[in-house]
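Here the structure is laid out as C-alpha cells; the discussion comes afterwards.
All figures in this text were calculated on a predicted structure; none of them were measured in a lab. The chains referred to below are lettered A, B, ... by the order of the sequence lines, with proteins before strands, and numbering in each begins at 1.
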Amino acid sequence: MELKLYDTLTREKRVFKPLDPANVRMYVCGPTVYDFAHIGNARPVIVFDVLFRLLRHLYGVDHVTYVRNITDVDDKINARAAEEYPGLPLNAAIRKVTEKTDKQFHEDVAALGCLPPTVEPRATEHIAEMKTLIERLVASGNAYVAEDNVLFSVPSMHDYGRLSKKPLDELIAGARVEVAPYKRDARDFVLWKPSKPGEPAWPSPAGISAPGRPGWHIECSAMSWKYLGETFDIHGGGIDLVFPHHEDEIAQSRCAFHTPVMANFWMHNGFLQVEGEKMSKSAGNFVTIRELLRGWKGHAWPGSAIRWAMLQTHYRQPIDWNIEMISRSANELLGLLNRLRAGFRAQGLVDFDQLRNALRDRKPSKEVLSTLMDDLNSPEATAAVRAHKSWNIEETIRCAADLTFLGVLKDSDIRYFAAFHAISSDVENSDKMMGLATDYQVARANNDPLFAASVLSQFDNLGLKIVEKESSLLVISKKSDNSNFDESVQRLIEERAKARVAKNWTESDRIRDELAKMGVVLKDTKDGTTWEIAR
RNA sequence: GGCCACGUGGCGGAGUGGUUACGCAACGGUCUGCAAAACCGUGUACCCCGGUUCAAUUCCGGGCGUGGCCUCCA
C-alpha cells in the first residue's frame with residue numbers, strides 16, 4: 001500500500017516517495033500571532049496534523065520533521081501592540097502581544113488534538129538566515145535594491161507562476177495593487193523594507209544603511225531552508241496562500257539555491273466559510289477556536305468534536321462551518337464514546353486507567369490507514385472507524401484506537417467527554433445546572449483548567465459543588481449535602497420498582513420524571529432497571 | 001476581466017463507466033404497562049443540455065449556479 005498525495009503544482013495525485021525515508025520533511029505555514037486563531041486557522045493545523053501522524057506511522061516517529069512557523073513580525077502585530085499596550089515601547093508591546101497570542105494558539109490547537117510540530121521557528125529569530133538568502137538573490141541578479149527596499153525581480157525567473165498557473169503577462173492585467181514607483185516591474189515583491197521609526201528593525205542586508213525588516217514571504221524560505229534544507233518533501237498551507245505567498249517562496253528558494261523545485265509536494269487545504277459567507281468581523285460571522293471551546297451558540301464544544309467535524313470533509317473541499325455541523329459531530333462522538341464505555345463495561349473494565357491501558361500501543365486498523373493513504377481521505381476514514389459488526393470488545397478497542405490515531409480521542413476526552421452529569425434532587429433550576437455541568441465536562445475534556453475553574457466558581461457562588469465520581473460521573477449538589485447520590489438514585493429506582501409491581505403507573509412515572517430532572521435516564525431491561533445520565 | 005475549484009438523497013458528505021458509501025435526522029419493527037435505550041429494517045440521490053459508450057451521477061463539450069484567488073488572509 002502506497003501513500004498517494006495530491007500535488008497542487010502538477011495537479012495530480014502521485015505516489016509519495018520521500019527524499020530521505022530516515023528524515024521525511026514537511027513545512028506548513030503557521031499563524032501570524034496577533035489575535036485569537038479562528039476556526040479557519042484550525043483547518044490546516046488539523047489537516048497537516050493528520051498527515052504528520054500518518055507519516056510518523058509509516059516512517060517512524062523519529063523519522064519525520066514537521067516545521068510550522070510562527071510569524072511574529074507583521075503590520076497587524078504592530079498595530080495590535082500599539083493599541084493594547086500604548087504605554088510600552090513598541091518592541092516590548094509587540095513581545096507581549098506575540099507571547100500571549102502564541103500561548104493561546106498552542107492551548108487551542110492542543111484541545112483540537114494536534115501534536116506539537118517538531119520545530120516551531122519564529123521569524124524574528126531567523127533574521128540572519130533571511131538576510132543570507134537576500135544577499136544571495138541580489139548577487140545572482142534575482143533581486144535588487146531600490147530606495148532601501150530589496151525587491152525580488154519576478155521577470156528574472158522565467159517559470160514564475162507555475163504553482164498558481166498564472167501566466168506571467170496576465171498578472172499585471174488584473175492587478176489592483178498600487179505599484180510602488182521604485183519597482184522595476186509591477187510584479188516584483190518585497191524581500192526587505194525599511195522600518196518606520198519605533199518599529200522592529202534590524203541592520204539591513206545588501207549594503208542598505210537604514211535599518212529594516214523582512215517581507216512576509218522570505219520568512220518561510222529562510223526557516224524551511226534552515227530546518228529542512230534546500231529541497232524537502234511536503235509544503236502545506238491554506239489554498240489562499242498559493243498566490244502570492246507560496247509562489248514567491250518558490251521563487252526565492254529556487255533562485256537562491258538554483259534548484260528545480262522547492263518541495264516535491266505542495267498541499268493546500270480548502271477554504272472554510274461560516275454560515276455560507278467568508279468569515280470576517282464585519283460580517284459578524286467571525287468565530288474563534290477559543291469561542292467554540294468555551295461557548296459558541298450557547299454551548300461549549302469539545303475540541304475532539306470540532307476535529308471530528310472537520311474530518312467529515314475531505315481536506316481539499318470547502319467547508320461551510322455552522323451550528324449543525326458541530327452539534328451533529330458532538331452528538332455522534334458522544335454516542336460513540338458511550339458505546340465504547342458500554343463495551344468496556346461489559347468486559348468488567350470500568351476504570352479509566354484500565355481503559356487507557358487497553359488502548360496503549362494499539363495500531364490503527366488497516367481500513368483506516370488505507371483510506372488515509374489515498375490522499376488523506378478522512379471522510380472515508382471516519383466511515384471506516386464506524387464500520388463494525390458488533391460492539392464486542394475487539395471492535396470496541398479497534399474503534400477507540402482508530403479514533404486515537406486520528407487525534408480525535410485524547411485521554412481527557414476518554415475520561416470526560418462522555419462523562420455523565422447529574423444533579424441532586426434538591427437543587428433548583430436544573431436546566432441551567434445541566435448547562436453548567438456540560439460546560440465543566442467540556443472544560444475537562446479540553447484540558448482547559450481556566451475554564452473549568454470559572455465554571456466551578458459559578459457553582460460556588462450558587463452554594464453548589466460538583467463531585468467527580470468514579471466511572472465518569474459528575475454530580476452537582478448543595479455544598480452542605482453529604483448524601484450519597486448513587487444511593488438516593490438507587491432508592492428511587494427501588495421505590496419505582498415497587499410501584500411497578502403494584503401496577504401503579506402514575507407513581508412509577510412520577511418517580512421516573514423526578515429522576516429525569518436529576519439527569520438520570522432509566523432503562524428497563526429484562527434483567528432489571530439500569531440507569532444512565534441523560535445526554 | 002483573468003485563473004481555479006465545486007454543484008450527490010431532508011441535512012452533512014465519500015465514491016464509482018454497469019453493484020449498499022457513511023453519519024445525522026425521519027419513518028417502520030422487535031422489546032416495553034407506556035417510554036427511554038438497544039437491536040433490526042426502510043428511503044429508489046447524483047444541476048441542465050448535448051456528445052462518446054452496449055451502458056454516465058462518474059469521461060468530453062456547452063450552459064446555469066455557488067465559491068476561492070488575482071490585495072493582508074488558513
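Within 4.0 Å (heavy atoms only), A/R68 reaches no atom of the nucleic acid at all. Within 4.0 Å of A/G40, counting heavy atoms only, lies at least one base atom of the nucleic acid.
B/rU8 and B/rG67: their P atoms are spaced 14 Å apart (whole Å). Distance check on atom C1': B/rA56 versus B/rC49 gives 14 Å, rounded to whole Å.
In the region residues 504-513 of chain A, proximity to RNA chain B at under 4.0 angstrom, judged on heavy atoms, holds for A/W505, A/S508, A/D509, A/R512.
In this structure, of B/rA74, B/rC3, B/rC24, it is B/rC3 that holds the atom nearest to the side chain of A/K165. Checking B/rG33, B/rG67, B/rC69 against the side-chain heavy atoms of A/R500 singles out B/rG33 as nearest.
Taking the charged nitrogens against the carboxylate oxygens, A/D74 and A/K76 have no contact shorter than 4.0 Å, which rules out a salt bridge.
Contacts of A/R386 classified as side-chain contact (heavy atoms from CB on, under 4.5 Å), with partners at least two apart in sequence or in another chain: A/W308, A/Q312, A/E332, A/T382.
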Enumerate all atom pairs, one protein N or O and one N or O from nucleotides 10-17 of chain B, separated by less than 3.5 Å.
unit_1 : atom_1 : unit_2 : atom_2 : d
B/rC11 : O2     : A/R328 : NH1    : 2.8
B/rG12 : O4'    : A/R328 : NH2    : 3.1
B/rA14 : OP1    : A/H314 : N      : 2.9
B/rA14 : O3'    : A/N377 : ND2    : 3.3
B/rA14 : O2'    : A/E380 : OE2    : 2.6
B/rG15 : OP1    : A/N377 : ND2    : 3.3

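Using a 4.0 Å cut-off, some side-chain N or O of A/K278 falls inside it from OP1 or OP2 of B/rC69.
The 5' end of RNA chain B is approached more closely, in terms of each residue's nearest nucleotide, by A/Y6 than by the other of A/T32 and A/Y6.
The line from CZ of A/F105 to CD1 of A/I289 is 6.5 Å long, rounded to the nearest 0.5 Å.
Within 6.0 Å of OH on A/Y34 lie no more than 12 heavy atoms contributed by other residues, nucleotides or ligands.
An aromatic stacking contact links A/F271 with the base of B/rA74, defined here by ring centres under 5.5 Å apart and ring planes under 30° from parallel.
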